[in-house]
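Shown next, in structure tokens, is the structure this report addresses.
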Amino acid sequence: MGNRADDEGTDVEIFIRPLTDTVHADTPTGAPEQLLALLDSLGFERKTLTTAGPVYVWHEVPAHLTENEKKQLATSAVPSLLVAGYLVNITNAVWDAAAYQQAAQAVRRQPSTAAAPSTQTASAVRDRGSTTKSRGR
């Protein structure tokens, strides 16, 4: 079972699973519970698969949502993940600029984010022409 976060060296990889309409959020193998719990709180559903070897953990946007709602939920998670200090990569196929702007404004209005270290920055750059990488550390 492949893991894009392990492959890309990021904390969270958000993408549409090939040949499906499932929006995945992959985290590195052995990701801290704090990151997994944050994804839970942002509306993603945690999935696990226990094998004879490792236990695989990933998150998905709820399947009952429409395509636009899935994109909005996934994109809206990015500002919170960045403020928490995680490196996030979200593909253009999932990206919703308006949802990102609304979520970023909401995060800025939260009192808890005002106490964030001043060295913490967020930026977005295009990577490989098909994804947006953001670093919040």
Side-chain angles (χ1 to χ4, degrees):
M1 181 171 194
N3 180 319
R4 288 192 180 188
D6 285 340
D7 295 343
E8 298 297 327
T10 57
D11 296 310
V12 182
E13 286 283 324
I14 302 173
F15 61 98
I16 297 176
R17 192 81 178 169
L19 304 176
T20 73
D21 64 350
T22 304
V23 177
H24 268 244
D26 281 358
T27 53
T29 303
E33 178 59 31
Q34 182 179 4
L35 171 56
L36 302 177
L38 178 56
L39 287 167
D40 295 341
S41 73
L42 293 170
F44 289 87
E45 295 177 343
R46 190 183 308 201
K47 307 290 183 172
T48 59
L49 174 65
T50 304
T51 68
V55 174
Y56 296 99
V57 179
W58 71 95
H59 283 78
E60 296 178 2
V61 170
H64 69 275
L65 299 177
T66 67
E67 181 179 341
N68 283 337
E69 290 169 334
K70 288 177 183 181
K71 290 178 180 181
Q72 290 169 357
L73 187 145
T75 303
S76 295
V78 174
S80 294
L81 291 163
L82 293 174
V83 168
Y86 296 109
L87 176 62
V88 178
N89 188 28
I90 182 168
T91 62
N92 287 335
V94 182
W95 183 253
D96 180 321
Y100 178 84
Q101 292 299 323
Q102 284 182 323
Q105 289 172 1
V107 166
R108 283 187 203 113
R109 288 190 300 266
Q110 293 176 355
S112 62
T113 60
S118 61
T119 58
Q120 195 162 10
T121 61
S123 63
V125 297
R126 295 286 179 211
D127 180 49
R128 296 179 307 280
S130 64
T131 60
T132 300
K133 269 198 178 174
S134 300
R135 182 154 190 101
R137 294 186 216 202

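Counting from 1, the numbers follow the sequence of the chain as shown.
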If you link I, L, V, M, F, W and Y whenever their side-chain heavy atoms are under 4.5 Å apart, who else ends up in the same group as V55? L36, V57

Closest approach of D11 to L35 (non-hydrogen atoms, all atoms of both residues): O-CD2, 3.6 Å

Pairs meeting criterion side chain to side chain donor-acceptor pair (under 3.5 Å) with involvement of residues 30-45, two or more places apart: E33-R46, D40-R46, D40-H59

Identify the heavy atoms of V12 and A25 that sit nearest to each other, and give their distance. CG1-CB, 4.2 Å

What's the shortest heavy-atom distance between A74 and F44, and which atoms? CA-CZ, 3.9 Å

What are the two closest non-hydrogen atoms of A93 and I16, and how far apart are they? O-CD1, 3.9 Å

Go through the structure and list residues passing side-chain contact (heavy atoms from CB on, under 4.5 Å) with A103, not counting sequence neighbours. S76, P79

Passing option when L42 is tested against V61, L81, V78 for side-chain contact (heavy atoms from CB on, under 4.5 Å): L81

Looking only at heavy atoms, what is the nearest atom pair of W58 and T48, with distance? CZ3-C, 4.1 Å

Those residues that, when tested against T29, pass side-chain contact (heavy atoms from CB on, under 4.5 Å) (two or more places apart): N3, D6

Validation row: Y86, T27 side chains within 4.5 angstrom (heavy atoms): no

Would you give the length of the straight line joining atom CG of N92 to atom CZ of F15, rounded to the nearest 0.5 angstrom? 15.0 Å

Apply side-chain contact (heavy atoms from CB on, under 4.5 Å) to D21 and list each qualifying residue two or more places apart in sequence or on a separate chain. K70

Test: salt bridge (charged side-chain N to carboxylate O under 4.0 Å, His left out). Region: residues 71-90. Which pairs qualify, not counting sequence neighbours? E67-K71

Nearest-0.5 Å distance, CH2 of residue W95 to CD1 of residue I90: 6.0 Å

Can you tell me how far the NE2 atom of H24 sits from the NZ atom of K47, to the nearest 0.5 Å? 9.0 Å

Here the gap from L73 atom CG to I14 atom CD1, rounded to the nearest 0.5 Å, amounts to 9.0 Å

